Each structure stands twice: as structure tokens, then as C-alpha cells.
Amino acid sequence: RFDLGLGGYPFLRGILDAAEDPRIETIVIVASTQIGKTTLLQALLLALAAHDPAPMMMATPDRGSLWKLRDKFYRFAEEPATTRRWRSSS
């Protein structure tokens, strides 16, 4: 089970569980705005990269959004506590 430190988003646990289930091929998220979907996707991509590296992509509607997302993603990936938590839970 991925330990992604999403304590502030307990409703995302089901999505993370589905992402780990090899029988599930597609996950559809129907949700309102500003509830943690981007954080969930970033954490999931980082966890998957740590456990089972493979090519991945995340898209944004414009370049400005892309650079903001990239910078946030890199900061999150570089946090030692984050990667240590993933390694210890595998």
C-alpha cells in the first residue's frame, strides 16, 4: 500500500488503492475543484517512479501552468522524508 502522507485527503485513499490493484486498468475521477487531485497525481507518479519506474507524463493546459507544476513536483520529489517514507513502506 502506498504511504503518500495524504492525511489531509482521506477520501483519496480509495483512488490510491485502485491504482495499486493490478486488475484495474482505468481510473476515472469525477470531483469538484481544489480538493487535492493534482497533489494526488503528483504523489502517485512519484510513488510509482520509486516502486516501478516507467515512462510517465502529466499535462497542463498552458506553459505557465506546466512550469508551476514542474517546480512543485521537483520540490516534492527532492524532499528526503518523502522518498524515505516510500522506500520504508515497500
Side-chain angles (χ1 to χ4, degrees):
R1 211 173 169 187
F2 292 136
D3 175 15
L4 301 176
L6 294 174
Y9 306 99
F11 49 89
L12 298 178
R13 180 80 256 164
I15 299 168
L16 293 173
D17 290 344
E20 286 186 282
D21 188 334
R23 299 168 297 170
I24 297 176
E25 294 182 13
T26 303
I27 298 171
V28 177
I29 302 170
V30 179
S32 62
T33 60
Q34 302 290 317
I35 64 160
K37 294 182 301 295
T38 301
T39 301
L40 167 72
L41 291 174
Q42 288 178 319
L44 187 56
L45 285 174
L46 289 169
L48 289 169
H51 290 287
D52 187 18
M56 297 178 214
M57 181 179 75
M58 204 167 163
T60 63
D62 57 56
R63 282 185 196 252
S65 298
L66 174 65
W67 302 140
K68 287 179 189 175
L69 182 63
R70 181 203 60 189
D71 293 345
K72 183 178 176 184
F73 187 78
Y74 284 175
R75 279 193 307 273
F76 189 57
E78 292 170 349
E79 289 181 18
T82 302
T83 55
R84 186 170 41 251
R85 180 172 52 241
W86 290 330
R87 283 194 302 267
S88 65
S89 68
S90 56

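In this text the structure is predicted, and so the values were computed from the model without any measurement.
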Asp71 and Arg75: CA distance, side-chain angles, deciding distance, salt bridge (charged side-chain N to carboxylate O under 4.0 Å, His left out) verdict: CA-CA 6 Å; Asp71 293 345; Arg75 279 193 307 273; 5.3 Å; no
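Cluster annotation: Leu69 is not connected to Trp67 through the hydrophobic network of ILVMFWY side chains, with a link wherever side-chain heavy atoms come within less than 4.5 Å.
Here the CE-CG distance, from Met56 to Leu41, works out to 12.0 Å after rounding to the nearest 0.5 Å. Considering CG of Leu40 and CG of Leu45, their distance stands at 9.0 Å, rounded to 0.5 Å.
Side-chain atoms of Ile15 and Leu44, non-hydrogen and from C-beta on, never get closer than 4.5 Å to each other.
In this structure Asp62 satisfies the salt bridge (charged side-chain N to carboxylate O under 4.0 Å, His left out) test with no other residue, sequence neighbours excluded. For Leu66, the side chain to side chain contact (heavy atoms under 4.5 Å, CB included) partners at least two apart in sequence or on another chain are Thr60.
The two residues Ala31 and Lys37 come nearest to each other via the heavy atoms CB-CD, 3.8 Å.
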